[in-house]
Participant: 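Can you keep this structure in mind? I'll have questions shortly.
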Amino acid sequence: MSTLIISEKNKAAQAIAEALGPTTKIQVNKLVKVYHVPSRDVYVLPLRGHIQQYENTAAYKKWTAKDPRDIITDPHAIAKIPTKFGGPYISALKKYGKLCTTCVVGTDADVEGCNIGLMDAVPFVTAVNPKIRIMQIWLNDLQKSSIQKAYMNLIPPKWSWAYSGEARAQIDAIIGFSATREVSLTLKPILQGINVKFTSIGRVQTSLLYLIYLREDIIRNFKPSPFWTISAKLKIGTSELKVNHVKNNFTDKKIAEGIYSLIKNEKIAILEAVQTKTRKINPPVPLNTSKALQLITKNLKINAKVALKTLEDLYLNKLITYPRTDSDVYSPTYDHKAVLQKFLTHSMFGQFTRDLFKNRRIIPTKGKHDTGDHSPITPLESLEPNASKFGNKLQQQVYNLIARYYLALFGEPAEESDTRILVNIKNEKFMGQTKVLLKPGFYSIAPFLSPKYGAPLPSLPPVSSSPSTGSKPTLPVIKIDLEEKQTQPPPRYSDTSLLQLMERKKLGTKSTRPAIIQILIDRSYIQRQGRSVFLMDLGFLLIDSLVMIWKPFLDPVFTSNVEHQLDGILNQKLQMPQVVDAIKKDFLRLFDLFRLEKPKILQKMQALQTTGNVIRGRNNQILSGKTKSPRSSQTTNTKGGVPAPVLSSAKCPKCKTHPMKLVVSTHNKAKIYKFLVCNEPSCKTYLSLPKKGSPTLLKSTCSICNFNIVKISTSAHGKRFHYYICPLCWNRGLKHQSGEGFCSKCKAFHIVKGKCMKK
DNA sequence: GCAAGGTC
């Protein structure tokens with residue numbers, strides 16, 4: 001009466017086995033081990049995520065062998081086959097499937113988990129043992145007590161969840177494969193010229209690229225317009241307060257100048273009104289993956305991929321709960337007391353936690369979504385910053401954010417005051433505002449959630465409302481300013497705002513969003529420059545040619561419709577084959593439309609090539625068209641949809657033709673080498689970079705040698721900071737020990753003998 | 001050669 005439990009990954013298998021009793025390991029083959037629990041006659045077999053995936057069948061392997069359209073219409077164009085690493089897992093499934101009488105699917109408690117267990121794995125078990133009983137264990141976390149409880153309450157398999165995942169996989173494969181081939185083959189003449197092999201198209205990635213394109217379009221076409229502001233600096237006791245003219249911003253220069261010239265020498269402001277409002281700010285809601293990634297990328301200034309990897313590492317070390325969750329509501333039975341008790345003695349969080357118990361604040365805030373898969377992200381241990389359980393500093397920093405955020409859920413509301421004053425300077429009215437934190441509440445444990453507050457103002461003289469008293473109090477004016485400013489375009493996306501955008505538009509899942517951003521980077525559609533994401537020419541080119549005809553596919557509405565129908569399968573309101581057929585039909589119509597418009601698209605491309613504008617491909621190399629100087633190519637030209645090159649490239653100082661690329665490589669896992677190297681292998685020119693800190697190649701160039709500046713982000717004494725170097729000057733400086741090419745503060749710098757001349 | 005979704 002043996003039982004086989006299938007888990008999604010090794011750590012989960014180990015946790016399940018150890019919760020059920022004393023465990024021994026059996027090495028089944030080179031890759032696979034199972035955990036044996038003799039006391040219960042249980043074998044726990046860990047998979048490695050999906051062990052099967054959709055691929056084109058043999059007849060469709062070659063891109064040109066069949067019409068890409070047939071991938072949509074031919075039901076035999078794709079098939080589910082074992083992944084590269086699937087084989088050893090499949091033979092283990094067969095071996096233990098044969099000798100067990102019950103098979104328990106113990107993969108993650110979500111759609112993909114059900115799909116992995118019931119669709120990828122179980123078929124191999126039932127093939128060798130048709131009579132085996134199939135059950136499922138629903139695990140919200142890997143704590144011993146939760147596992148024991150769930151094992152006593154096995155559930156029937158959630159087939160509808162598994163089918164929902166299966167439909168998603170089929171739809172994505174059909175759309176992705178057919179469209180990638182069709183678009184790549186169409187653009188072939190162009191792509192060949194720019195040394196690009198293919199242009200990938202996918203339900204999620206192409207939609208995201210479209211949104212980045214829309215933002216880029218606004219930025220490129222943005223016409224800044226001037227406006228003027230008048231402000232005054234007032235002295236209040238020992239502090240200063242900036243007040244703004246109530247008619248800011250002025251669009252008419254003459255009016256602004258007229259007012260300014262009348263009042264510019266005035267030294268007295270009459271205090272007309274003071275109003276103070278206080279407001280309570282409630283603690284945040286529990287942390288799901290999406291919010292956690294935003295929190296981490298924003299506060300630690302790391303990219304989304306690294307943030308997710310660090311969460312995963314913390315989870316595998318059993319320091320936090322499962323990091324992939326959409327829930328921001330705890331189940332009513334969640335044992336917060338047990339978690340909080342661990343923090344009572346913590347050197348930094350202890351006092352806050354003791355206050356929680358003292359004030360009986362042990363119920364967390366509540367969000368809106370309880371998806372019933374995993375609990376919100378929660379610390380499982382109370383660890384000091386120097387704990388050896390942290391694999392690296394980043395893990396410690398991420399844990400610190402998660403732990404503080406969790407404790408904040410139980411904290412008191414914060415309280416702020418908002419003081420507004422109205423003054424009169426020679427009959428012109430000015431307003432000032434200052435926000436002050438009155439009670440820190442939960443901000444005390446999670447200061448990173450707090451907005452910036454001003455220092456409290458010294459008490460202002462009372463403003464008499466009675467006209468009989470005659471004079472009103474006055475404040476000294478330190479100075480009055482008239483400034484000319486320019487309207488600004490919206491900012492480019494960062495990892496944090498891209499994640500926000502994807503969440504808002506329901507693009508990708510909690511766990512794939514960082515990977516989708518990475519795909520766009522790998523395909524040379526977009527590029528990170530510092531914290532900003534730039535659309536590259538290839539990305540612009542692709543969307544610009546699709547935007548006329550494929551709006552219904554590019555728009556995130558397409559994906560939300562797909563996901564709506566997938567939910568229908570999960571809720572047993574729709575059937576998988578009908579959903580897949582309906583979406584195939586939808587997409588086939590768009591596919592045919594693309595074919596119909598092909599000549600137009602090619603014509604547009606042709607026009608592009610003959611306008612002499614630069615198209616850049618991989619590594620931002622200039623690959624076709626007449627080249628322009630980097631400076632003039634910065635200017636915007638969107639006439640006729642021609643992409644304006646976005647980034648200047650750091651040209652090799654020796655061969656002066658090829659760009660330098662940034663290389664960060666690990667060697668023996670211990671040493672990290674960072675340098676810039678010429679993209680032309682035969683040139684071999686390289687420039688060293690500082691050993692410490694992470695480098696980013698910037699757009700701005702050195703005013704001495706015109707080479708691109710590199711920003712070095714690093715830390716010392718626990719504080720993060722950055723500085724700028726010109727790699728070329730810096731390397732020359734290293735040679736002559738002159739200290740040139742280095743500036744700690746400004747971006748556009750001019751360094752001579754170690755001193756920045758622009759300071 | 002391709003997707004998106006898992007996991008390492």
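Lettering of chains follows the sequences in order, A, B, ..., and the numbering in each one begins at 1.
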Participant: Quick check on dA4(B): is either OP1 or OP2 less than 4.0 Å from any side-chain nitrogen or oxygen of Thr512(A)?
Facilitator: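 It does not, given that no N or O in the side chain of Thr512(A) lies less than 4.0 Å from OP1 or OP2 of dA4(B).
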
Participant: Does anything in residues 167-174 of chain A come within less than 4.0 Å of DNA chain B? Heavy atoms only, and list the residues if so.
Facilitator: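 Here the set is Arg168(A), Ala169(A), Asp172(A), Ala173(A).
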
Participant: Counting any heavy atom closer than 4.0 Å, what does Arg181(A) reach on the DNA or RNA strands: base, sugar-phosphate only, or nothing?
Facilitator: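 The answer is base, as Arg181(A) lies within the cut-off (heavy atoms under 4.0 Å) of a base atom.
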
Participant: Taking any heavy-atom pair under 4.0 Å as a contact, classify Phe587(A): base, sugar-phosphate, or nothing.
Facilitator: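 Answer is nothing: Phe587(A) stays at 4.0 Å or more from every strand.
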
Participant: Considering only side-chain heavy atoms of Phe177(A), which listed nucleotide, dG5(B), dA3(B), dC8(B), is closest?
Facilitator: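 Output: dA3(B).
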
Participant: Judged by each residue's nearest nucleotide on DNA chain B, which is more toward the 5′ side, Gly202(A) or Glu8(A)?
Facilitator: Gly202(A)

Participant: Determine the contact category for Gly113(A): base if any of its heavy atoms lies under 4.0 Å from a base atom, sugar-phosphate if only primed atoms, P, OP1 or OP2 are that close, otherwise nothing.
Facilitator: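 Contact class for Gly113(A): none.
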
Participant: For Thr107(A), report the nucleic acid contact type (base, sugar-phosphate, nothing); a contact means any heavy atom under 4.0 Å.
Facilitator: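 No contact at all - Thr107(A) keeps every heavy atom at 4.0 Å or more from the nucleic acid.
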
Participant: Looking only at side chains, do Gln205(A) and Ser200(A) share a donor and an acceptor under 3.5 Å apart?
Facilitator: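 Present: a donor and an acceptor within the cut-off.
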
Participant: Charged N to carboxylate O below 4.0 Å: is that the case for Glu55(A) and Lys80(A)?
Facilitator: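 No salt bridge links Glu55(A) with Lys80(A).
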
Participant: Does the side chain of Ser200(A) get closer than 4.0 angstrom to OP1 or OP2 of dG1(B) through an N or O atom?
Facilitator: no

Participant: Atom CD1 of Ile51(A) to atom C1' of dC8(B): distance rounded to whole Å?
Facilitator: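 About 16 Å, once rounded to whole Å.
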
Participant: Ignoring backbone atoms, test whether Arg203(A) places a side-chain nitrogen or oxygen under 4.0 Å from the OP1 or OP2 oxygen of dG5(B).
Facilitator: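 Yes, within the criterion.
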
Participant: Residues in side-chain hydrogen bond (donor to acceptor under 3.5 Å, both in side chains) with Lys584(A), at least two apart?
Facilitator: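 Partners of Lys584(A) under the side-chain hydrogen bond (donor to acceptor under 3.5 Å, both in side chains) test: none.
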
Participant: Cation-pi check, Arg215(A) to Tyr493(A): give yes when NZ or CZ is under 6.0 Å from the six-membered ring centre and within 45° of the ring axis, no otherwise.
Facilitator: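 Output yes; distance and angle both within limits.
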
Participant: Taking the side chain of Arg523(A) as heavy atoms from C-beta outward, which of dG6(B), dG5(B), dA3(B) is closest to it?
Facilitator: dA3(B)

Participant: Mind running a 4.0 Å heavy-atom check of residues 54-93 of chain A against DNA chain B and sending the residues that fall below it, in number order?
Facilitator: Tyr54(A), Asn56(A), Trp63(A)

Participant: Arg168(A): what forms a salt bridge (Lys or Arg N to Asp or Glu O under 4.0 Å) with it, not counting sequence neighbours?
Facilitator: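 With neighbours one apart ignored, the set is Glu112(A), Asp172(A).
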
Participant: Suppose we screen for salt bridge (Lys or Arg N to Asp or Glu O under 4.0 Å). Which residues come up paired with Lys573(A), at least two apart in sequence or across chains?
Facilitator: none

Participant: Think Gln53(A) has a side-chain N or O under 4.0 angstrom from the OP1 or OP2 of dA4(B)?
Facilitator: no

Participant: Counting only heavy atoms not in Gln575(A), do more than 12 sit closer than 6.0 Å to its CD atom?
Facilitator: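 Atom CD in Gln575(A) is not crowded, with 12 or fewer foreign heavy atoms closer than 6.0 Å.
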
Participant: Restricting to salt bridge (Lys or Arg N to Asp or Glu O under 4.0 Å), what partner residues turn up for Asp567(A), sequence neighbours left out?
Facilitator: none

